[in-house]
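Below is one structure, written out as C-alpha cells; the observations come after it.
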Amino acid sequence: MSETAVHGETTGRRPRRDRTHWLYSAVIVAVLAGIVVGWLAPGVGKSVGELGALFVSLIKMMIAPVIFCTIVLGIGSVRAAARVGKVGGMAVAYFLLMSTAALAIGLVVGNLLQPGTGLDLSANAGAAAKYAEDAHGAGGTWDFISGIVPTTLVSSLTAGSVLQALFVALLVGFAIQAMGPTGEPLLRGVALLQKLVFRVLTMILWLAPVGAFGAIANVVARTGLDAVKQLAVLMIAFYLTCVVFVFGVLGVLMWAVAKVSIFKLVRYLAREYLLIVATSSSESALPRLIAKMEHLGVERTTVGVVVPTGYSFNLDGTAIYLTMATLFIADAMGQPLAWSEQLGLLLFMIVASKGAAGVTGAGLATLAGGLQSHRPDLLDGVGIIVGIDRFMSEARALTNFSGNAVATVMVGTWTRTIDAGQVRDVLDRKLPFDETTMVDDHPAPAPEPEAKKTLVSA
C-alpha cells in the first residue's frame, strides 16, 4: 500500500469537523427526557411510543441494502486476499472461528444474566402484531427454504426479506469473484452504492433522539423505572463481556501463539482507541492501524490482506452485541428464544454480521435484520435498545479494532511474516512510531529472505 493510501485521508487535507457529538448528546438528553416523561406522565409516554416504532421502520428500510452491499464487498475482499494464498486462507479461517466464538460467548452471558427477564414489554409490541401474524402464517421447513429464493434478482432488495437479500448477495459476490479482474468495476460500483446506503443510514440516525425518546418514554410508562435499571445492567454486562473477551480470550491466545503482551499492544494503539471513542467507528482508525501494524514489524502484504478483510469479516464486538441484545429483547418482551432458535440465530449472525463495522448504526440494522429473519414479532423491541445503542457502539468498535490488531499479529506469526525483534523494540518503546508521516522510511532495508519472497509473491 502506498504512502498516500495509508495516510492521505488523515494528512493530505484538513478533515471536516465532526459534528456527530451533537447527535450523541441529543440521544442522551432524549433518553433522560423519555425517562422523566414516562415516569411523571405515563399517558403522554404511551402516546409517543409511535415515534420509536417510526424510527424502527426507518432502520428496517435500510436492512436489505446494508446486508447486500457489505456481503458482496466482503466476498470481494476474500477474493483479493486469496491471491496471496496461505495468508488469505488462514486469515479468513481465523476470522470465522473467532467471530463464532464471540457469538457463542454473547449467548452464554446473555443466558446467564438474562437482563431483560421480568420487564414484560409485550404490551409495547404495537405494530409487532402484524409481524407475529405473518410469522405464524408461515409454512414448514420446505416453505421456509423456498421463501429464500426471491421472485426476481432486484425484488430481494425491495420485498423486505433479509434471507432473500442475503441469498442474492452471496450469489452476486461469488459471481463477481469468478469474473476475476473483469469484475473489479462492478465491485467498485457496489462500494459506491454502499457509501450511498450508509450516507442515507447516517441521515436516518439523526432521528435517533426522537426514536429513543418515544421508545424509552413508552417503556417507562408501561413498566416503571425497572426498565431503566435493566437497560443499565445490559450495557454494563456488555462492556464487561467485551473486556473479558479482549484480555481473557484474545490476549491469552496471542501470548500463547506469538508471545506478545495484549497490554503492551493496547498501550501501543492508545491513540487509535481515543480516535474510535470520539467517532464510535473502528473504521476511523483503519489507516493508522495499517501503518502501525507495518511499523510493528508485520510484512506489508500480510497487513494489506488481514486488516481490510478483518474489517468485514472479524467483528468480535458486533457479534457479542448482536447475541446479547437479541436475548435481552426476547426476554424483555416475554418471548424468550428456545435453544434451537438461538443456534439458528447464531448461524445467521455469523454471515449477516460481516461488514457492520464501518458506520455507527450498522450494528443496529443488522440486529433488526436478525430479528426480522428469525422472530419478526420481536422487531419492535429494537426501539428499546436505541437509547443505549450509542454507548454500546463504543465497546463494539473498540473490540472490533482490538480483534483485528490481534489477528494481524497472529496471522503474521503463523505465516512467518513478522519480525519478532522489531515487535519487541516497538512495544518496549525503543522504536517509536512516526506520527508525522505514519510511514517507515528506512534508507537501507535489509534484503528479504528467499523464503519470504516466495511467500509474498505466491
Side-chain angles (χ1 to χ4, degrees), residues 66-67 69-79 81-82 87-111 162 166 169-170 173 238 241-254 257 262 276 281-283 286 289 305-327 342-359 362-367 369-371 373-374 392-393 395-411 414:
V66 166
I67 288 181
C69 293
T70 52
I71 294 300
V72 171
L73 290 177
I75 293 176
S77 298
V78 173
R79 181 184 59 80
V87 174
M90 189 167 292
V92 172
Y94 172 81
F95 294 157
L96 292 176
L97 179 63
M98 294 311 299
S99 294
T100 304
L103 286 165
I105 289 173
L107 283 180
V108 171
V109 174
N111 280 285
V162 175
L166 186 62
L170 290 171
F238 176 65
T241 303
C242 289
V243 170
V244 171
F245 182 80
V246 171
F247 292 96
V249 177
L250 295 179
V252 171
L253 189 60
M254 186 173 64
V257 172
I262 185 65
I276 292 170
S281 172
S282 57
E283 192 170 80
L286 173 59
L289 179 61
V305 169
V306 176
V307 174
T309 308
Y311 264 68
S312 288
F313 275 79
N314 190 38
L315 309 177
D316 300 329
T318 302
I320 296 172
Y321 162 81
L322 290 173
T323 48
M324 291 187 67
T326 299
L327 292 178
Q342 293 183 29
L343 292 176
L345 182 69
L346 184 147
L347 294 175
F348 175 85
M349 293 300 187
I350 289 174
V351 179
S353 63
K354 310 311 179 189
V359 176
L364 197 65
T366 307
L367 171 64
L371 289 174
S373 172
H374 283 72
M392 297 176 77
S393 70
R396 285 201 304 267
L398 291 170
T399 306
N400 290 339
F401 181 83
S402 301
N404 286 315
V406 171
T408 307
V409 175
M410 297 280 287
V411 175
W414 284 325

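Scope of the values below: all heavy atoms of this structure, side chains included, with no hydrogens, waters or symmetry mates. The first residue of the sequence shown is numbered 1, and numbering continues consecutively from there.
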For Met410 and Met254, the nearest pair of non-hydrogen atoms, with its separation, is SD-CA, 3.6 Å
Rounded to the nearest 0.5 Å, the CG atom of Leu103 sits from the CE atom of Met324 at a distance of 12.5 Å
How long is the straight-line distance from CZ of Phe95 back to OG1 of Thr100, given to the nearest 0.5 Å?
13.0 Å
Can a donor-acceptor pair be found, under 3.5 Å and without considering hydrogens, that links the side chain of Asn400 to the backbone of Asp316?
yes
Which of Leu253, Ile262, Val249 passes side-chain contact (heavy atoms from CB on, under 4.5 Å) with Val406? It is Ile262
With a 3.5 Å distance limit and no angle check, can you tell me whether Asn314 reaches the backbone of Met98 through a side-chain donor-acceptor pair?
no
So which atom in Val411 and which in Ala91 form the shortest heavy-atom distance, rounded to 0.1 Å?
CG2-CA, 4.0 Å
Grab the two heavy atoms, one from Leu315 and one from Ser99, that are nearest each other, plus how far apart they are.
N-OG, 3.9 Å
Heavy-atom closest pair (Leu107 atom, Thr323 atom, distance to 0.1 Å) is N-OG1, 3.6 Å
Is any side-chain heavy atom of Val109 closer than 4.5 Å to a side-chain heavy atom of Phe238?
no
